Amino acid sequence: MTNTAPALNDSADIRRTQICAAIRAIPRGEVRAYGEVASAAGLPGRARLVAKVLTQSTAHDLPWHRVLRADGRIAFPANSEHFEMQRRRLLAEGVSVVNGRIAARAARDLDAMLWHP
DNA sequence: CGAGTGACCCTAT
DNA sequence: AATAGGGCCACTC
């Protein structure tokens, strides 16, 4: 059958859709790492792809600010406009940001904090 | 087609 | 904690 509508069955498009869905699934007040989002989207090991999608996406309903690096730090260079915007959005959701970094979230970080305070 | 790049991640030192 | 090196992959030149 010929579709009159634009065909968006490209694998790249599928991936982008899956990634956006995974990001939208992050609950308010919580954060996820790029790699975690990638895995949730069924694309383990493709954290960089998540970053790429976020760069290109302009969707306003996409909670991009809930996506951080694996170590809990904001991915943007400190003091950049993007950095400040993300920090502000996180604080508005009750997520504390200290030194460009949020409170411990990953088990690995918690472990490091407990054993090497 | 090869080299460089990036809102990343992991391990080792 | 900070650095370095390798991996990953889409995109550009």
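As the structure is a prediction and not an experimental result, all values here were calculated from the model. Each chain gets a letter, A, B and so on, in the order its sequence line appears, and its residues count up from 1.
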More than 12 heavy atoms from other groups under 6.0 Å of CG on A:Asn79: no
Spacing of A:Arg69 atom CZ relative to C:dA2 atom C1', expressed in whole Å: 13 Å
Gap in Å between the two P atoms, one belonging to B:dA7 and one to C:dC13, rounded: 16 Å
d(CG, A:Asp71; C1', B:dA7) in whole Å: 13 Å
Nearest-Å distance for atom pair CG/P, residues A:Asp13 and C:dC11: 11 Å
Atom CZ of A:Arg88: over 12 foreign heavy atoms under 6.0 Å: no
Touch class at under 4.0 angstrom, heavy-atom based, for A:Arg48 against every strand present: base
Distance, rounded to the nearest Å, where A:Lys52 contributes NZ and B:dA7 contributes P: 8 Å
Touch class at under 4.0 angstrom, heavy-atom based, for A:Gly35 against every strand present: sugar-phosphate
Residue pair A:Tyr34 / A:Arg69: nearest heavy atoms and the distance that separates them: CE1-N, 3.8 Å
Between C:dA1 (P) and A:Asn99 (CG): distance, integer Å: 11 Å
Distance, rounded to the nearest Å, where A:Leu49 contributes CG and B:dG6 contributes C1': 12 Å
Spacing between A:Leu54 atom CG and B:dC8 atom P, to the nearest angstrom: 10 Å
Rounded distance in Å - NE2 (A:His82) to P (B:dC8): 13 Å
Touch class at under 4.0 angstrom, heavy-atom based, for A:Arg15 against every strand present: sugar-phosphate
Candidates A:Val50, A:Ile19, A:Val37 - the one meeting side-chain contact (heavy atoms from CB on, under 4.5 Å) with A:Leu43: A:Ile19
Nearest-neighbour nucleotide for the A:Phe76 side chain, B:dC9, C:dA1, B:dA7 considered: B:dA7
